[in-house]
Amino acid sequence: MSKFITSSLWNFIANFIVRIMSIVTFPFLVRYFLREDISIFKSFQAFVLILMAIIPIGTNILYLSAPRETRERRWNLFFHTSLLMSILFVLILFGSETITSFFVRSNLGGYLRLFLILLPLVEGMKGIVVTKLSAIMDFKGISVALIIKQLLLYAGIITFAFIEPTLVVLIIMIFCSELLELMLLLYHVNRHKISILPNPEYKRFEFDKTARKFIGYSGIEQIILTFAIQFPTIFVVIVLGETIAPEFQLPFAAVALPVSLVMNSIARVSFPHYSNLREDQKISNSLFSLLFPVSLLLFPVLIGIHFFAQEITHLFFDRSWQLAIFSLQLFPLLMIAYILGIPSTYVSNIKQKPYINLIYSTSLLIMRILSIYFGYKLAGFYGTIIFFVAGDIIIRVIRLKIDMNLLSLSLRFFFGNIKYNLLSALILTILMWLGYLITDQKIISFAFALILSLSLNYYWEKEKITDFVVKLKGAIYKPKRDVVNDI
């Protein structure tokens with residue numbers, strides 16, 4: 001468990017620094033670059049993440065989910081699949097004017113198109129290196145590379161905001177930062193003397209029953225889930241238009257900042273950790289020991305974003321972004337559902353039931369596309385936000401129910417483990433709005449409600465909070481020799 005916490009801390013630190021840099025960059029992006037350029041920039045970032053997830057077509061999940069004793073037998077299949085898929089996407093982009101023309105819109109189109117065509121090779125190699133480091137629960141190199149990559153990207157955005165605030169600059173900065181991250185990851189692998197090349201002792205393509213199942217289910221599921229998560233960023237540009245789309249894209253990214261800071265750190269580590277535990281009881285204990293502090297921390301943050309939506313919009317965006325206020329008020333509800341469900345999403349893979357993820361990913365993608373399209377047709381921008389949030393909550397609650405069934409648990413038992421966190425969040429919401437209606441002072445009302453709700457929560461859950469603090473201190477101050485022994 002200590003290695004799990006240590007790895008999570010590395011991810012947390014990296015995500016924290018990245019999110020701080022993102023927050024600092026927001027005003028420069030909004031006030032110096034055109035809205036149309038911002039919408040394409042966010043779409044291109046989503047495209048990069050889609051490539052990263054699609055290229056392995058599930059073989060990375062197959063490799064990581066295998067027991068440690070037999071895991072390396074799966075490496076050759078993963079390596080060659082990633083390489084072939086990267087080359088395939090290079091050929092697709094080389095022959096497709098439709099995809100490249102969506103992002104390339106300048107007199108430098110030839111050079112930018114070359115960057116776009118080479119991008120799958122960079123993302124494929126990144127996926128190979130990251131998977132190898134993840135397998136040994138070594139997240140230090142991954143975290144450092146991520147920090148330096150994002151530092152280059154955000155520093156470039158701020159610098160060129162005063163020099164040449166154009167879409168061309170944004171796309172070039174993304175490509176250069178991705179290439180730099182790959183180089184840093186390869187350097188880290190070389191330092192640790194870890195081989196990422198195929199193992200000649202095993203077959204190049206070992207397609208047994210388990211491999212076919214994971215490629216057939218997990219591969220397609222990964223593609224669909226990535227589209228479900230990233231494609232709305234692109235789809236809103238098509239439906240809402242390049243001018244209005246950023247008022248969906250950037251508020252969604254802003255609300256996701258504190259959540260992804262914590263949840264991405266946990267999600268990246270939890271899969272190999274659960275895979276090593278295997279037993280239901282151990283997985284359940286680990287899941288709830290994580291869910292309690294995460295919900296204790298993030299629920300008040302999301303409620304605060306909802307409460308101060310107007311002030312956040314005026315501070316980080318611009319007073320002309322009035323639609324973004326409504327987005328910031330509703331997106332926290334979606335993120336609460338995300339927080340509750342993400343720690344258990346890998347249970348189905350551990351249980352060798354990847355078809356559950358496939359059904360979930362397909363449902364989420366369909367729901368998101370339909371909610372954006374029909375929400376906008378029926379009620380404009382506001383309808384898009386309402387339908388999008390409601391649809392996500394419905395799908396995620398159903399998925400949570402299925403995950404609990406796999407662990408032989410009920411939703412009642414699940415919510416019972418965080419009942420006081422939920423109750424204190426409800427108390428916070430009621431008291432802050434009641435205080436604001438009485439005093440017309442937002443900061444004072446929120447501060448009073450927050451202190452009271454957290455005090456009650458500490459009174460109810462003193463033992464759990466104390467236990468978590470002890471474990472956290474143990475992970476931070478654990479001697480280096482013990483951490484090495486945990487690997």
Side-chain angles (χ1 to χ4, degrees), residues 40-63 74-133 142 145-146 149 152-153 167-187 189 195-198 204-205 207 211 214-216 218-227 229-231 233-235 237:
I40 301 301
F41 167 66
K42 298 301 294 184
S43 299
F44 189 66
Q45 284 186 310
F47 178 71
V48 171
L49 294 173
I50 288 173
L51 281 178
M52 181 77 171
I54 289 178
I55 285 172
I57 57 171
T59 53
N60 57 333
I61 304 296
L62 171 66
Y63 173 75
R74 303 294 186 182
W75 179 255
N76 287 1
L77 177 62
F78 163 62
F79 180 91
H80 289 106
T81 300
S82 298
L83 185 61
L84 290 176
M85 288 296 295
S86 299
I87 296 173
L88 177 62
F89 273 102
V90 167
L91 296 176
I92 291 173
L93 292 176
F94 181 77
S96 174
E97 289 287 343
T98 303
I99 298 175
T100 54
S101 62
F102 183 82
F103 301 109
V104 178
R105 306 182 178 188
S106 74
N107 56 355
L108 298 176
Y111 294 101
L112 292 181
R113 192 163 182 264
L114 178 61
F115 289 154
L116 190 62
I117 291 171
L118 293 177
L119 190 61
L121 292 176
V122 176
E123 298 307 310
M125 284 302 300
K126 266 180 55 182
I128 290 172
V129 180
V130 169
T131 301
K132 176 63 79 172
L133 294 174
I142 298 174
L146 176 64
K149 177 191 83 168
L152 173 65
L153 175 62
L167 177 61
V168 173
V169 169
L170 294 175
I171 292 179
I172 292 176
M173 290 306 304
I174 290 176
F175 181 82
C176 292
S177 62
E178 292 293 320
L179 187 60
L180 175 63
E181 183 183 21
L182 173 59
M183 295 170 63
L184 291 170
L185 289 169
L186 289 171
Y187 171 75
V189 165
S195 175
I196 61 171
L197 297 175
R204 184 174 298 177
F205 294 98
F207 284 109
F214 267 85
I215 293 175
S218 293
I220 298 174
E221 175 268 329
Q222 239 183 330
I223 294 172
I224 295 176
L225 180 60
T226 303
F227 268 92
I229 295 173
Q230 303 299 335
F231 186 66
T233 303
I234 301 173
F235 191 59
V237 177

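Only this structure's heavy atoms are used, side chains among them; waters, hydrogens and symmetry mates stay out.
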| said: Applying side-chain contact (heavy atoms from CB on, under 4.5 Å) to Leu116 and Phe175, what does each step give before you reach the verdict? | reply: CA-CA 8 Å; Leu116 190 62; Phe175 181 82; over 6 Å; no
| field | Min side-chain heavy-atom separation Phe89-Leu121 under 4.5 Å | value | no
| message | Contact between Met85 and Ile57 at the side-chain level, heavy atoms closer than 4.5 Å - yes or no? | response | yes
| Residue pairs involving residues 50-59 (criterion salt bridge (Lys or Arg N to Asp or Glu O under 4.0 Å); sequence neighbours excluded) | none
| Pairs in or reaching into residues 76-96: which pass salt bridge (Lys or Arg N to Asp or Glu O under 4.0 Å), with residues at least two apart or in two chains? | none
| request: Could you pull out the closest heavy-atom pair between Pro120 and Ser86, with the gap in Å? | output: O-OG, 3.4 Å
| Shortest non-hydrogen separation from Ile172 to Phe115 and the atoms involved | CG1-CE1, 4.0 Å
| Qualifying residues under side chain to side chain contact (heavy atoms under 4.5 Å, CB included), relative to Ile117, sequence neighbours excluded | Val90, Leu93, Phe94, Arg113
| Verdict with supporting geometry, Met125 and Ile196, side-chain contact (heavy atoms from CB on, under 4.5 Å) | CA-CA 10 Å; Met125 284 302 300; Ile196 61 171; 4.1 Å; yes
| request: Hey, could you give me the CG/CG distance between Leu119 and Leu114, rounded to the nearest 0.5 Å? | output: 11.0 Å
| field | Distance, nearest 0.5 Å, that separates CG of Leu77 from CG of Asn60 | value | 10.5 Å
| field | Listed partners of Phe79 passing ring-ring contact (aromatic ring centres under 6.0 Å, His included), at least two apart | value | none
| task | Could you tell me whether the side chain of Thr81 and the main chain of Phe78 form a donor-acceptor pair under 3.5 Å? | result | no
| remark: Sequence neighbours excluded, the answer for salt bridge (Lys or Arg N to Asp or Glu O under 4.0 Å) partners of Lys126 is Glu123, Glu178, Glu181
| field | Derivation and outcome, side-chain contact (heavy atoms from CB on, under 4.5 Å), residues Ile128 and Trp75 | value | CA-CA 9 Å; Ile128 290 172; Trp75 179 255; 3.7 Å; yes
Which side-chain N or O atoms in residues 40-51 pair as donor and acceptor under 3.5 Å with protein atoms at least two apart or in another chain?
| unit_1 | atom_1 | unit_2 | atom_2 | d |
| --- | --- | --- | --- | --- |
| Lys42 | NZ | Gln45 | OE1 | 3.2 |
| Ser43 | OG | Ser39 | O | 2.8 |

| message | Out of the candidates Leu186, Leu184, Ile142, only one should pair with Val129 under the side-chain contact (heavy atoms from CB on, under 4.5 Å) rule; please name it. | response | Leu186
